[in-house]
Q: 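Below you will find the structure I want to go over with you.
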Amino acid sequence: RPVPGDSHVTALATAPDRPTSALKRLACPKPGVYTNIPFETYAAWDALNHSTLKHLAKSPMHLKCAMEEPPEAPSAAMQFGTIFHALFLEPKKAAALMVPAPINEKTGNPFGRDTKAWAEYAVRHPGKLIVSQDEVAGFHTMAKNAAADPDIVDLMRSEGQSEVCLVWDDPMVGGRCKARVDRLLAKGAHKTIGRVDYKTAESGRIGKFRKACEDYGYFTANSFYARGCRALDLFKPGAFLVFESARPFPCVLYTVGEETSKVANDIVVGWMQTYRACRESGRYPGYSNQTLDASDWWFKQFANSLED
């Protein structure tokens, strides 16, 4: 059995890391609110964002990987969400970028977003939003459903700006942070909400979307954005405007409860402190070695089986 010190183990340990594509970095501007910034420019700004920070939910090693390696190719659901955001937040720009989806000549239907044919078509149409007729019809239904809800209409018609970039220096990080807000409302434009996060989801039902918020980090993202708003003297309580991505395409507006916001902020602060410690020490450890016990669910099932 090989042990540390064996020649082949030592060779593995000292082998160079696999090559990764260098991430393009740009100097981040000074703290402030920025509009009309292309996403590619924002993404290249050298500052900490929530999409990177949330990897600490796994480990500092995952964080370091996210900082150094390019993001994975977007999934079909993510591509759909990108088009949704463009159409609802920047419709004029989106209309100029839209091209029809590639059609399978054998079936007469569009290729799926996860097919090779779609990928090749996307390469031939760089920077374009590829949309099928079914998707266009779905987006129209989403808009129609939104127009039928007075609260959502009031929110969507409130004065504000879309795709707004926030830059601030956070004392917990000891450095610069950034965020890109879907919709930042003008002061006093809405009686209770100042910041809107547009989401597509498999289900907008409260229990299902709550789980999505927990799984994908929406609660902590909301608190991260809130920190940026406070640092820039913006009173901007946030909300989620959620659209289901399948028929009948209902939409629903959710605000985040006070206790959830407090706990989410505590999580973000903990992550920031860990990030700063890792950056200062140069160490980004993986998981901690510890004793493993079964879950309460497992023990309960075992107890029930004994009773049976």
Side-chain angles (χ1 to χ4, degrees), residues 23 25 28 31-33 42-43 45-69 71-72 164-182 184 194-197 199 201 206-240 254-297:
L23 290 176
R25 297 294 186 191
C28 189
V33 180
Y42 162 78
W45 285 350
D46 192 10
L48 180 66
N49 64 349
H50 178 265
S51 295
T52 300
L53 185 67
K54 71 178 183 180
H55 285 84
L56 279 172
K58 296 180 180 178
S59 78
M61 187 180 291
H62 289 86
L63 169 75
K64 187 171 187 290
C65 180
M67 291 192 298
E68 295 179 346
E69 296 188 9
E72 296 180 357
V164 179
C165 299
L166 308 181
V167 177
W168 73 98
D169 292 327
D170 199 299
M172 288 297 173
V173 170
R176 195 144 293 179
C177 293
K178 64 180 181 180
R180 190 174 176 93
V181 178
D182 289 347
L184 195 67
R195 173 172 45 84
V196 189
D197 202 351
K199 296 293 184 186
I206 189 166
K208 292 284 188 179
F209 188 69
R210 178 190 296 117
K211 185 68 164 57
C213 289
E214 295 167 353
D215 289 346
Y216 301 128
Y218 298 163
F219 287 141
T220 50
N222 182 64
S223 288
F224 185 85
Y225 298 163
R227 292 183 68 84
C229 287
R230 287 195 297 271
L232 297 171
D233 263 344
L234 303 171
F235 175 69
K236 299 296 182 185
F240 297 116
Y254 290 122
T255 54
V256 182
E258 285 188 23
E259 185 63 23
T260 297
S261 295
K262 180 182 181 302
V263 172
N265 183 67
D266 290 344
I267 293 170
V268 169
V269 168
W271 286 346
M272 287 180 163
Q273 291 171 332
T274 300
Y275 166 84
R276 183 171 185 171
C278 290
R279 188 188 63 199
E280 292 175 351
S281 68
R283 296 182 63 253
Y284 295 82
Y287 300 120
S288 300
N289 301 326
Q290 53 193 296
T291 300
L292 179 65
D293 279 314
S295 65
D296 291 341
W297 174 89

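Numbers here are sequence positions counted from 1.
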Q: Listing request: all side chain to side chain donor-acceptor pair (under 3.5 Å) pairs with a residue in residues 227-239, at least two apart in sequence or in separate chains.
A: D170-R227, R227-N265
Q: C177 vs D169, test: side-chain contact (heavy atoms from CB on, under 4.5 Å). Steps then yes/no.
A: CA-CA 6 Å; C177 293; D169 292 327; over 6 Å; no
Q: Once rounded to the nearest 0.5 Å, what's the spacing between atom SG of C165 and atom CZ of R180?
A: 4.5 Å
Q: Under the rule for side-chain contact (heavy atoms from CB on, under 4.5 Å), what residues qualify as partners of R276, not counting sequence neighbours?
A: R279, E280
Q: Using the test salt bridge (Lys or Arg N to Asp or Glu O under 4.0 Å), find all partners of D46 that sit at least two apart in sequence or belong to another chain.
A: none
Q: Looking at SG of C213 and NZ of K208, how far apart are the two atoms once the value is rounded to the nearest 0.5 Å?
A: 14.0 Å
Q: Return the set of residues passing side-chain contact (heavy atoms from CB on, under 4.5 Å) with K178 (not counting sequence neighbours), or none when no residue passes.
A: Y42, W45, A47, N49
Q: Could you please spell out the steps behind the salt bridge (Lys or Arg N to Asp or Glu O under 4.0 Å) verdict for D197 and K199?
A: CA-CA 6 Å; D197 202 351; K199 296 293 184 186; 3.7 Å; yes
Q: Which pair of heavy atoms, one from G238 and one from N222, lies closest together, and at what distance?
A: CA-OD1, 3.9 Å
Q: Return the NZ to CD1 distance between K262 and I267, rounded to the nearest 0.5 Å.
A: 10.5 Å
Q: Counting N and O atoms only, with roles assigned by atom type, does the side chain of Y254 sit under 3.5 Å from a partner on the main chain of A239, one being a donor and the other an acceptor?
A: no
Q: State which residues pass side-chain contact (heavy atoms from CB on, under 4.5 Å) with A43; sequence neighbours excluded, sorted by chain then number.
A: F39
Q: Quick one: list whatever passes ring pair (Phe, Tyr, Trp, His ring centres under 6.0 Å) with F219, sequence neighbours left out.
A: none
Q: Roughly how far apart are S223 OG and H50 NE2, rounded to 0.5 Å?
A: 8.5 Å
Q: Can you list everything that forms a side-chain contact (heavy atoms from CB on, under 4.5 Å) with H55? Sequence neighbours excluded, please.
A: H62, L63, A66
Q: Looking only at heavy atoms, which two atoms of L166 and G228 are closest? And how far apart?
A: CD1-C, 4.4 Å
Q: Determine, using ring centers only, whether F224 and W168 are less than 6.0 Å apart.
A: yes
Q: Checking S281 side chain against A277 main chain: does a donor-acceptor pair fall under 3.5 Å?
A: yes
Q: Can you pull the ring pair (Phe, Tyr, Trp, His ring centres under 6.0 Å) pairs that have at least one residue in residues 266-286, sequence neighbours excluded?
A: none
Q: Would you please name every residue forming a salt bridge (Lys or Arg N to Asp or Glu O under 4.0 Å) with D215, sequence neighbours left out?
A: K211
Q: In terms of the angle between their ring planes, are F240 and F209 parallel, tilted or perpendicular, with boundaries placed at 30° and 60°?
A: perpendicular
Q: Among residues at least two apart in sequence or on other chains, which ones pass salt bridge (Lys or Arg N to Asp or Glu O under 4.0 Å) with D182?
A: none
Q: I'd like to know whether V33 forms a side-chain contact (heavy atoms from CB on, under 4.5 Å) with L234, so could you lay out the CA-CA distance, the side-chain angles of the two residues, the decisive distance to 0.1 Å, and finally the verdict.
A: CA-CA 10 Å; V33 180; L234 303 171; 3.9 Å; yes
Q: Return the set of residues passing salt bridge (Lys or Arg N to Asp or Glu O under 4.0 Å) with K58 (not counting sequence neighbours), or none when no residue passes.
A: none
Q: Check E68 with K64, please: is the shortest side-chain N to carboxylate O separation under 4.0 Å?
A: yes
Q: Under the side-chain contact (heavy atoms from CB on, under 4.5 Å) criterion, do V167 and R176 qualify, and how do the steps go?
A: CA-CA 7 Å; V167 177; R176 195 144 293 179; 3.6 Å; yes
